[in-house]
Amino acid sequence: MARRPAPPSAYPRPAADARPPAGGDRRAASRARRAEQRVDVREWASGIRLSAFSVIMLSLVVLGAWVLVPTLGTFIDQRQKIAALEASVKVSEEQIQALEKERERWQDPAYITTQARERLYYVKPGEVVYLIDNDLDPATLLREQEPVSDTLEETSSDWMPQLLRTLTGSGLSDTAAVAP
């Protein structure tokens with residue numbers, strides 16, 4: 001049986017009569033070495049042998065990737081939507097529980113009476129209600145306004161970090177405001 005010839009080497013054998021250039025021209029010597037070390041791509045590619053099995057398997061991998069990539073993108077998108085909807089359902093359930101507790105409180109006559117007294121200032125017949133204005137401690141009340149200075153003072157606050165915090169906070173919030 002005949003043997004297949006070996007593919008050409010990337011490093012050709014130096015010729016017996018090859019001598020370095022005379023006179024110490026280093027650039028010419030490095031160019032000559034690079035020219036000797038170059039690999040011809042056509043020769044390298046002709047050494048690659050593909051069997052029919054390899055071609056079929058490679059085409060199946062490419063076909064599988066072509067089919068699965070859009071499906072995977074759709075799957076990830078749907079999982080994100082499901083997670084958002086589950087969070088929305090959880091918030092709605094919490095709101096329903098809070099409203100049910102509020103409804104139970106409104107079933108109690110004492111709560112209704114308290115709310116009527118606090119919110120609407122209702123009183124029972126015969127009661128006298130005294131509303132006191134300025135019931136604060138005189139020490140906590142504001143004194144007369146101090147004179148305004150004529151000099152302009154600059155504060156040491158930087159508005160850019162506050163703007164970035166506001167933007168990132170609004171962009172990363174879980175709930176969005178609903179327009180009326």
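What you see below is based on every heavy atom in this structure, not just the backbone, and it leaves out hydrogens, waters and symmetry mates. Throughout, residue positions are numbered sequentially from 1 according to the sequence presented. Here the structure is a predicted model, which is why all the values come from computation and not from measurement.
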Q. When clusters are formed from ILVMFWY side-chain contacts under 4.5 Å, directly or step by step, what else is grouped with Leu163?
A. Trp159, Met160, Leu164, Leu167
Q) Hey, what else clusters with Trp106 if you join Ile, Leu, Val, Met, Phe, Trp, Tyr whenever side-chain heavy atoms sit under 4.5 Å? A) Tyr111, Ile112
**Q.** Sidechain N-carboxylate O distance under 4.0 Å for Lys101, Glu104
**A.** no
Q | Side-chain cluster (under 4.5 Å, hydrophobic types only) that Val61 belongs to, other residues | A | none
Please tabulate, for the side chains in residues 65-91, all donor-acceptor contacts under 3.5 angstrom to protein atoms that are two or more places apart in sequence or on a different chain.
residue : atom : partner : partner atom : Å
Thr71   : OG1  : Val67   : O            : 3.1
Thr74   : OG1  : Pro70   : O            : 3.0

Q: Show which residues join Leu60 in its hydrophobic cluster (side-chain heavy-atom contacts under 4.5 Å, direct or indirect), or state none.
A: Phe53, Ile56, Met57
Sequence neighbours excluded and cut-off under 3.5 Å, please list the side-chain donor-acceptor pairs for residues 117-132, or say none.
residue : atom : partner : partner atom : Å
Arg117  : NH1  : Glu127  : OE1          : 3.1
Arg117  : NH2  : Glu127  : OE1          : 3.0
Arg117  : NH2  : Glu127  : OE2          : 3.0
Arg119  : NE   : Gln115  : OE1          : 2.8
Arg119  : NH2  : Gln115  : OE1          : 3.3
Glu127  : OE1  : Lys124  : N            : 3.2

